[in-house]
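Notes follow the structure.
Within every chain, numbering begins at 1; the chains are lettered A, B, ... in the order of the sequence lines, protein sequences first and strands thereafter. On a predicted model such as this, the values are computed, not experimentally measured, just so you know.
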Amino acid sequence: MSEKPTFIQQMKEGILTSNPVFVQFLGMCSALAVTTSVTNAIGMGVSFTAVLIFSNLFISILRHIIPKQVRIAAYILIISGFVTAVELLVRAYLPALDKSLGLFIPLIVVNCIILARAEAFASKNAPLPSIVDGLASGIGYTLALIVLALVRELLGTGILFAAADGTGGIRILGDWYSPATIFIMPAGAFLTLGFICAAFNKCRSLVGAKKAKRAKTAKEVQE
Amino acid sequence: MEEKNKNIAHTPAVDAENAAPEKEGETAQQDFAFLTEGVEPKDQSSAAEDDFSLLIKDAAEKAEAAAHGEFTFLPEDIPEAEEKPKNTPAEKPDEEPAGEPAENTAEEDSPSEEASVPETPESKKEKSVLAICLPLILICMAVALMLSAVNMLTKDIIAANAAAEKQNAVLAIFTDAAAASLYEKTEAEEIYLATQNNELVGCCVSLSENGFGGAISLLVGLDTNGQVSGIEIVSMAETPGIGSKTKNDTFLNQYKGNEPFVIGENIDAISGATISSRAITRAVNRALEIPLDFERIASEMGLSVRAADESQVPAETAPSEEAKPAEPPAETTAVTEPAETTAAPETAETTSIVASVEPISHTKSKNPARLTAEETVFTSETEPPAETEIPAETAAAESTAESTAETDTEAESTAAESTEIPAVTETENL
C-alpha cells in the first residue's frame, strides 16, 4: 500500500478494477441521463475527463493549504469553477458541441466521481500522480458511458451515432425492427446499467478466480 | 459462566447508576467495581486463566489509573492523549472504552497537566476560525477571478453566436430574405424582421413554451398577411424519439394559415408526445395573437412591404385591414368588394383583425389579432375582411367612415363571441 502505483497500474485500476460506474457505482445520475445517444456519451465523457484532470491537479497543488475542516467546501469551489469555465469556453468556441451537450455540462458538478477522487486521491498525493488518476478515472467513466449508450441507442432507436438533436446517424437495425423505446427512457437506463454491471462484475470475479488459481499453482510449484 | 453473562449484560451506565452513592473521592473506584464484580465470586486462582476476565481486570485497573489522572498506560507517541480529558476523543480509536467514563471525573485533574502538554499545531482547538476560513476565502477569490477572466474573454463571442443563430433561424424560415434584424424585444417574446432589398418580407416571433422536458424555444414565421409561414425550433429538450418528433417537418408543416390551431381539429399531435405537441400549438397560437401592423413597422424602419405569397393564404379571407387614420385605402377596398363579404359567414369564427397595434386589448379575442395594412394596390388583390372585430378603443379612434363600412358587414355575420361586440354596435352608429 505504501508503494506508489505505476502509471499502468493506475490506468488499469481506473478503467477496469475500480471502474467508477460499474464497480464503484459513482456518477450514476449523469451516466443514466446522458447515454441516450453515443455522441452525447462521448462528448460528456471528454468534458468530464477534462474537468476531472484539472480539478485533481489544482486540489493536489493546494492540498497543504486547504484546512481539513473546510476541505469539501474548497473542493466544490474549485470543481464548480472549472465546470463553469469549461461551459463558457465550449459555448464560445465550440457552439456545435454546446448545442448537443448544452444541458449536460453543468451536470458535471454533481458528478460524485470528481469529489470522490479529490477526497480519496488528489488531496493526499503529488500533482503528477493525481493527473494520472484523473485521466484513468475519466477514461473509465467515458468507456462505461459509451458501452451504456451503445446498448441503449441501438435497442432504443436502431440508429447509432445520431447527433444530439436526434437527426442523422447510421441505421443499424433496419425497418423490420420496431424500436423498444423503453431503452431511451429512464427505466431502460436502469435496466441496462444493472445488466451491464452484473456482466462486468461477473467477468471480474472470473478473472480474479483464474488469477488466484494460477498464483496458487505457481506457489505449489515453487514448494 | 452465568456471572460472566451477567457481567456482559451490564452496561456501564446501568451499573454506575446502581452503584451505591459515593463520597467524592471514592466515586471512581466504586464506579468501576462492576467490572470486576462478576469475576470475583469465581475462584480467584482460576480467574486469572480466563482470557475474558483478564481483559476485564486489565480494563478496570486502567480505568482506575485514569481516574487518578495517570495515563502512563497509553502509548507515548500520541501527544493529544494527555489532553484527553478536555478533548472529545472522536479521533482516538486506541482509547479503551472503559477510559471514557473516567473522563468526567478526571477533568479536575487535567488543568494541572495542560500546562505541561506541548501544543501541537494540528490540534483542533488551537486553530482559530480565521485560520480555517482564510484559505477558503482566498480560494473563493481566486476562482472568482478566474471565472470573470473567462467570462470577459467569451462574453462577446457567446452573444455574437446567439445572435447569429437567431439570424440563421429566421433566414431558414424566410428563404428568400437576405437579412434579419431584431425589431422588438419584450419579456415574453422577440420579434425579428426579415428583409430583402429594403422590403419587409415577414417577421418572426421568437418565444418559448414549457414542453415535457423543459422550455421549447421556437421561431414562428409570419408573412405580411399575418399567416404562419414556417416554424423553426431553436431549442428543445424533449424525449428523443418521442417528443423530439415534433421537430419533424411533417408535424410542423401542419401549422399554416392564421386560424387558431387546436389539436384534434386542425392539428394532429404526435402520439405519445401530447405535451410536446400541445406546447408547440400553444406557442404558435400565442405568436398569432400578437398584433403586428406590418405597414406601420415597415414605415418605421423605412422599408416597403412585400406582398405575401397568395398561395399560402387559405380560402378564408385574409385579414387586411389597417387602423391608422392616416391610411384611408382600406375602407375603399372594403366598400368596393362587397361581393366577397358573403364569404364572411363561413369564416366568422376564424378571422378578425385588430384595427390597431395596441397589444393589450387582444388577449381575449378568440381570433388572431394581427393586423396587416396594405397599400392600395395590394389591398385590391386580397379579400376584404368579411368580419372584423374592432376593439372598443381602437374603433373609437379610427376614422368613422371605414369603420362603418366594415362593421356593417361584420354585424350580420359575427356572432356574439367576442367581448368587443358592444363596441362594434357603438361604432355602427357613428
* Exceeds 12 heavy-atom contacts within 6.0 angstrom, atom CG of A/Asp175 -> no
* Structure fact -> When rounded to the nearest 0.5 Å, the distance separating CD1 of B/Ile132 from CD of A/Gln69 is 4.0 Å
* Asked: How far does CG of B/Leu134 sit from CD1 of A/Ile65, to the nearest 0.5 angstrom?
  -> 10.5 Å
* B/Phe212 CZ: over 12 foreign heavy atoms closer than 6.0 Å -> no
* Tell me, yes or no, whether the heavy-atom count around A/Tyr93 atom OH, taken from other residues, nucleotides or ligands under 6.0 Å, exceeds 12. => yes
* Structure fact -> Of A/Met185, A/Arg91, A/Arg71, the largest count of non-hydrogen pairs under 4.5 angstrom with chain B goes to A/Arg91
* What option among B/Thr154, B/Leu138, B/Ile157 has the most heavy-atom pairs under 4.5 Å with chain A? -> B/Thr154
* Asked: Would you call A/Tyr75 and B/Ile139 a side-chain contact if the rule is heavy atoms closer than 4.5 Å?
  -> no
* Does any non-hydrogen side-chain atom of A/Ile66 lie less than 4.5 Å from one of B/Pro135? -> no
* **Approximate separation, where rounding is to 0.5 Å, of A/Leu88 CG and B/Leu153 CG** => 9.5 Å
* To do: Check step by step if side-chain contact (heavy atoms from CB on, under 4.5 Å) holds for A/Phe82 and B/Val143.
  => CA-CA 8 Å; A/Phe82 277 116; B/Val143 171; over 6 Å; no
* Asked: Would one find more than 12 heavy atoms of other residues, nucleotides or ligands at under 6.0 Å from atom CD1 of A/Ile146?
  -> yes
* **Side-chain donor/acceptor of B/Asn161 to backbone N/O of A/Pro95, under 3.5 Å** => no
* **Contact origin within B/Ala131 toward chain A - heavy atom pairs under 4.5 Å** => backbone
* **Enclosure of A/Phe195 CZ (heavy-atom neighbours >12, cutoff 6.0 Å)** => no
* To do: Give, as side chain, backbone, both or neither, the part of B/Asn248 having an atom under 4.5 angstrom from any heavy atom of chain A.
  => neither
* To do: Please say whether more than 12 non-hydrogen atoms of neighbouring residues, nucleotides or ligands are located less than 6.0 Å from CZ in A/Phe121.
  => yes
* **chain B contacts, top residue of A/Leu89, A/Leu77, A/Thr84 (heavy-atom pairs, under 4.5 Å)** => A/Leu77
